[in-house]
Structures are given as structure tokens and as C-alpha cells.
Amino acid sequence: MDSGTHVVMGIALGGLALADPVIANNSLSFTAVMAGTILGSQVPDVDTVLKLRNNAIYIRHHRGITHSIPAVILWPIGITAILSIIFQETNILHLWLWTFLAVILHVFVDIFNAYGTQALRPFSKKWVALGVINTFDPIIFGLHCIGILLWVYGFNPVTTFSIMYLIIIGYYILRFILQAAVKKAVHHAIKDEEYVIVAPTMRFFSWRVAAKSKTHYYVGRAYGRTINIYDKFEIHPIPKTPIVEKALEDPNLAAFVSFSPLYRWEISEFENGVTEVRLIDLRYRSNDRYPFVAVAHVDEELNIVNSYTGWIYSEDKLQRKLQIGSSD
């Protein structure tokens with residue numbers, strides 16, 4: 001989920017902690033727990049700072065080790081240790097417990113996004129992505145904001161947030177039902193599909209669709225059970241030439257391949273002897289463009305002239321990134 005949603009989730013969990021008599025009867029412990037749930041709801045995303053290095057490292061590692069089983073255990077211990085120094089008379093066990101719940105809830109809800117997490121590390125590096133909730137879901141965010149406002153205006157936070165989470169659980173179940181219906185509709189629309197990705201958007205009934213058959217890629221949108229296919233690309237294996245193999249060794253393209261399960265390629269030769277190898281993710285079609293790409297320029301001596309991976313919404317901006325030798 002996005003940072004804003006994680007913040008309101010931390011506040012809501014802090015309000016729910018008032019169901020714990022140890023927290024409810026001690027204002028200092030409540031303050032410590034509220035700090036713990038807010039920090040715990042944010043700390044797994046500390047790897048966002050990797051963007052400061054470059055996109056390749058960020059793509060490879062975001063929601064990786066910081067969302068793993070060891071991290072879920074260690075984050076609450078670290079936060080509790082720091083807060084117990086600041087709030088010396090608080091109940092450490094209960095502070096740890098609610099902070100631990102905040103960290104678990106963060107990782108758990110991220111699993112339902114299309115991006116997913118490596119929540120099973122170190123046992124598996126597989127990305128767990130159920131793809132039923134958009135990274136920012138206005139309904140989930142809105143319900144939390146309503147719950148917080150009701151708390152501010154005097155409603156019982158335990159009752160308020162308990163009801164809110166019951167509604168959200170029902171919402172998740174409904175999203176799974178809708179996703180299953182869309183996948184079934186895609187199967188009827190593309191008879192020979194072998195692999196399909198149905199990704200949520202901020203609109204309740206609207207889903208992104210990317211599918212693969214033995215011979216073609218298909219990209220479209222679903223609204224309810226209505227499937228609209230916008231693009232159809234014939235599948236061709238990427239050439240196994242020295243230039244292509246060199247390009248695929250570049251960190252930007254390697255990160256892209258590790259992240260994208262469905263992409264096509266383009267190869268262009270320029271007059272100066274440089275060859276461009278471009279990989280295009282098919283999951284994020286927007287305004288007739290595919291903004292998530294990886295590009296490498298390779299010269300005749302098999303040197304990487306420049307490369308880039310990330311979100312680009314105009315060709316001019318991409319070329320500027322490449323011209324300045326950007327590696328982010």
C-alpha cells in the first residue's frame with residue numbers, strides 16, 4: 001500500500017489498542033503504543049531510500065528483505081527498544097505486541113497488491129502478489145479516515161475500528177470474487193491464453209489485463225466482465241546475439257527482467273553504430289503508452305553506452321535520461 005494508507009492504518013491500530021486494559025489504563029503506555037504502531041506501519045518501507053541510488057537497485061530490493069520473516073521479527077524489537085528508552089515506564093511487552101501487529105499488518109496488506117512482497121524470505125525469494133487491491137485504494141484509505149474522524153468526535157475507537165476492519169475484510173473478499181470473474185471473462189475472450197495478469201486500478205470495477213498465449217501477447221482493460229483488448233503483439237523470442245546478451249547483463253535490464261513477468265522487446269540500430277535494446281512491460285498501459293521500460297545502448301565493441309529503467313511517460317524524457325548517462 002502507499003505511505004498515506006500505512007499511516008492511517010497505524011493510527012487505527014493504535015486506537016484499537018485501547019481494547020488492551022494495560023494500554024487503556026495508562027496514558028504513557030498508550031502514547032508509546034501509538035508511536036509504535038505508526039512507526040511499525042511505516043518501517044518496512046524504509047527501503048524506499050534505495051531510489052536515491054538508482055531505479056535498478058530499488059526495483060530489485062523494494063519490498064524484499066525489509067518485508068521478510070526475519071525483518072518482521074526484528075523491526076518490532078528495534079522500535080520497542082528505542083521507545084522503551086523514551087517512555088521508560090511503559091509496559092514493554094504490550095508495546096512490543098502492538099508494534100509487532102503493526103509491522104505484520106503492513107507486510108500482510110502489501111501481499112494483496114499487484115507489486116507484492118518477498119514475505120517468505122529466507123525460505124523463498126518468490127514475489128507473493130495476489131493483485132486484488134491497488135497500491136492506493138480510495139475505499140480502504142477513506143474508511144480509515146472516517147474511522148479516525150469518528151474517534152476525534154468522541155466515538156469509541158475500539159468499536160469504531162473493529163467495525164471498520166470487518167467491513168474491510170468483506171471488501172477484500174469481494175475483490176477476490178471480482179478478480180476471479182474477470183479472469184474467467186478473459187479466458188472466454190482469449191481462448192488459448194496460457195498466462196493472465198489481472199491487476200486492480202483505483203476504480204472499483206476497472207482492471208488492467210495482460211495475457212499471453214502460445215503465439216501472442218494481449219493487453220486490455222476489463223470493466224466488470226466486459227473485456228476490451230487494445231493491443232495484440234505476436235511473440236518472437238529475443239535474439240541471442242552478443243549485443244543482446246551484453247544488454248541483458250546490464251543492471252538496469254537485469255533488474256527489469258527480475259521484476260516484470262510479461263514484456264516484449266524492441267531492437268533498433270542507429271547510424272553511429274549503437275544498438276538500442278528496449279524491454280517494455282505490458283502490465284501498465286496508460287494513454288496508449290507503456291511507461292515502464294528498460295533501455296540499454298550498446299556500441300559495436302559491446303560496451304554499454306548508457307542505460308535506464310523506470311517509468312517514462314514521454315520519449316523525449318527517456319532520451320534525455322539516456323543522453324546524460326543516467327543509471328537511475
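Model, not experiment: these values are computed from the prediction. Residue numbers count from 1 along this sequence.
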Can you check side chain to side chain contact (heavy atoms under 4.5 Å, CB included) on Y290 and I312, steps first, answer last? CA-CA 8 Å; Y290 293 88; I312 292 291; over 6 Å; no
Closest non-hydrogen atom pair, [X] against [Y]:
X	Y	answer
L253	A296	CD1-CB, 3.6 Å
G116	A129	CA-CB, 3.6 Å
P44	T66	O-OG1, 2.7 Å
A255	I59	O-CG2, 3.7 Å
I69	P122	CB-CD, 4.5 Å
S213	I235	O-CD1, 3.4 Å

What side-chain donor-acceptor pairs closer than 3.5 Å can you find for residues 184-199, not counting sequence neighbours?
unit_1	atom_1	unit_2	atom_2	d
H187	ND1	E193	OE2	3.0
K191	NZ	H188	O	3.2

N/O donor-acceptor pair under 3.5 Å between [X] side chain and [Y] backbone:
X	Y	result
R175	V132	yes
D110	M1	yes
W265	H236	yes
E276	V295	no
D47	R63	yes
D2	T5	yes
T90	F87	no
Q179	G131	yes
S307	P251	no

Would you check if the distance from the ring center of [X] to the ring center of [Y] is below 6.0 Å?
X	Y	result
Y263	F256	yes
W311	Y284	yes
F100	W96	yes

Over 60° means perpendicular and under 30° means parallel, so classify the ring planes of Y115 and F259, tilted if in between. tilted
Please work out which of the three classes, parallel, tilted or perpendicular, describes the rings of F141 and F136, given edges at 30° and 60°. tilted
Can a donor-acceptor pair be found between the side chains of [X] and [Y] at a distance below 3.5 Å?
X	Y	value
E234	H216	no
N91	S29	no
D281	S260	yes

Dump the intermediate steps for side chain to side chain contact (heavy atoms under 4.5 Å, CB included) on N113 and N134, then the final yes or no. CA-CA 6 Å; N113 300 154; N134 196 50; over 6 Å; no
Are [X] and [Y] side-chain neighbours, meaning at least one heavy-atom pair lies under 4.5 Å?
X	Y	value
T37	L16	no
I280	R278	yes
F112	L130	yes
V277	E266	no
S206	R221	yes
T201	W207	no
L50	H62	no
V109	I133	no

Please check if atom [atom1] in [X] has more than 12 non-hydrogen atoms from other residues, nucleotides or ligands closer than 6.0 Å.
X	atom1	value
F176	CZ	yes
F233	CZ	yes
R289	CZ	yes
E301	CD	yes
I92	CD1	no
F270	CZ	yes
F155	CZ	no

Linking I/L/V/M/F/W/Y whenever their side-chain heavy atoms sit closer than 4.5 Å, directly or via other members, would [X] and [Y] fall into one cluster?
X	Y	answer
F108	I38	yes
I146	I148	no
V33	I86	yes
V257	W127	yes
V182	I177	no

State the [atom1]-[atom2] distance between [X] and [Y], to the nearest 0.5 angstrom.
X	Y	atom1	atom2	value
C145	L150	SG	CG	11.0 Å
L174	I139	CG	CD1	8.5 Å
I111	H67	CD1	NE2	9.5 Å
L302	E249	CG	CD	9.5 Å
I238	I267	CD1	CD1	5.5 Å

Pick out which of D20, T80, N26 makes a side-chain hydrogen bond (donor to acceptor under 3.5 Å, both in side chains) with H94. D20
One pair to check against side chain to side chain contact (heavy atoms under 4.5 Å, CB included): V219 and V209. What are the steps and the verdict? CA-CA 6 Å; V219 181; V209 174; over 6 Å; no
I would like to know whether Q118 and K126 meet side chain to side chain contact (heavy atoms under 4.5 Å, CB included); could you show each step before the answer? CA-CA 6 Å; Q118 289 182 308; K126 179 182 178 181; over 6 Å; no
Give a yes/no verdict on a cation-pi contact between R285 and F292, requiring under 6.0 Å between NZ or CZ and the six-membered ring centre and an angle within 45° of the axis. no
For residues 158-171, tabulate all N or O donor-acceptor pairs below 3.5 Å that involve a side-chain atom, not counting sequence neighbours.
unit_1	atom_1	unit_2	atom_2	d
T160	OG1	N156	O	2.7
S162	OG	V158	O	2.6
Y165	OH	H144	NE2	3.4
Y171	OH	D137	OD1	3.2
Y171	OH	D137	OD2	2.6

